[in-house]
Amino acid sequence: MSDCIFCKIINGDFGTEFVYENDIAVVFKDINPQADTHLLVVPRKHVESLNEVDDENLLGKLMMTVKEVTSKLNIKSYRTIINTGKDAGQEVFHLHIHILSGGIKNGIN
Ligand code: AMP
Ligand code: ZN
């Protein structure tokens with residue numbers, strides 16, 4: 001989607017560094033970290049939120065991406081969060097999984 005910030009990041013518009021990427025997703029650092037390590041796993045395909053997902057394969061691969069990047073970075077203990085909907089704190093309406101590790105602050109958005 002042309003006005004979606006995460007689509008722009010995936011497109012390379014801001015030169016955001018990807019700490020990991022594969023066929024279906026990119027992973028980059030959250031700009032406003034809520035833990036010592038705060039990453040976002042973002043599918044290349046624009047999907048607004050978990051509510052709009054109709055592909056179980058995509059969800060499986062996104063969770064495998066969490067495993068791949070944490071393994072690569074040797075992160076053994078972490079929390080994953082998916083905010084779904086405005087009232088739950090979703091601010092960017094392009095599905096993403098937060099990965100938080102170390103010094104996790106209370107609550108995320
Ligand atoms: P959520 O509230 O679950 O939608 O999370 C959106 C997250 O995206 C927030 O934690 C923001 O800090 C993060 N964010 C917004 N813009 C950027 C950006 N340009 N680069 C990296 N992270 C961003
Ligand atoms: Zn998008």
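Order of appearance sets the numbers: ligands from 1, and atoms from 1 within every ligand. No experiment lies behind these values; they were computed from the predicted model shown.
Remark: K86 does not engage E91 in a salt bridge, criterion side-chain N to carboxylate O under 4.0 Å.
For ligand 1, the atoms closer than 4.0 angstrom to any heavy atom of I9 are 18 (C), 19 (N), 20 (N). Within ligand 1, counting atoms from 1 as listed, the ones closer than 4.0 Å to a heavy atom of N32 are 12 (O). Ligand 1 places these atoms under 4.0 Å from at least one heavy atom of K29: 21 (C). Near E91, meaning under 4.0 Å from one of its heavy atoms, ligand 1 places the atoms 1 (P), 2 (O), 4 (O). Counting the atoms of ligand 1 from 1 in the order shown, those under 4.0 Å from a heavy atom of G89 are 1 (P), 2 (O). Set against the non-hydrogen atoms of N83, the atoms of ligand 1 under 4.0 Å away are 1 (P), 2 (O), 3 (O).
Not a single N or O atom of H38, backbone or side chain, sits closer than 3.5 Å to an N or O atom of ligand 1. Looking at ligand 1, you won't find any N or O of Q90 less than 3.5 Å from one of its N or O atoms. For V92, a nitrogen or oxygen atom sits less than 3.5 Å from a nitrogen or oxygen atom of ligand 1, counting backbone and side chain alike. The N/O atoms of F6, backbone and side chain alike, include none that comes under 3.5 Å of an N/O atom in ligand 1. Checked by distance only, ligand 1 and I31 come closer than 3.5 Å through their nitrogen or oxygen atoms.
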### Task
Just do the side chain to side chain contact (heavy atoms under 4.5 Å, CB included) check on L100 and T37 with the steps written out, would you?
CA-CA 6 Å; L100 299 117; T37 301; over 6 Å; no
### Query
Which is it for I10 and V42 under the side chain to side chain contact (heavy atoms under 4.5 Å, CB included) test, yes or no, and what are the steps along the way?
CA-CA 8 Å; I10 291 161; V42 183; 3.8 Å; yes
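Ring-centre distance between H96 and H98: below the 6.0 Å cut-off.
Summary: ND1 is the N/O/S atom of H94 found nearest to the Zn ion (ligand 2). No other N/O/S atom of H46 lies as close to the Zn ion (ligand 2) as ND1 does.
The environment of CG in D23 is sparse: at most 12 heavy-atom neighbours from other residues, nucleotides or ligands sit within 6.0 Å. When the shell of 6.0 Å around CG of D87 is examined, it contains 12 or fewer heavy atoms from other residues, nucleotides or ligands.
Ligand 1 lies nowhere less than 4.0 angstrom from a heavy atom belonging to F14. The closest approach between a heavy atom of I82 and any atom of ligand 1 is not below 4.0 Å. Ligand 1 lies out of reach of Q34, whose nearest heavy atom is not under 4.0 Å from it.
Applying side chain to side chain contact (heavy atoms under 4.5 Å, CB included) to I97 and the options V27, L39, V41 leaves one that passes, V41.
Contacts with ligand 1 closer than 4.0 Å are made by side-chain heavy atoms of L40 only, the backbone lying farther away.
Residues N11 and D13 have side chains that bring a donor and an acceptor to within less than 3.5 angstrom of each other. Remark: the N22 side chain and the T65 side chain contain an N/O donor-acceptor pair separated by less than 3.5 Å.
Taking the six-membered ring for Trp and thresholds of 30 and 60 degrees, F18 and F28 have ring planes inclined between 30 and 60 degrees apart.
For the residue pair S49 and Q90, the shortest heavy atom distance occurs at CB-OE1, 3.4 Å.
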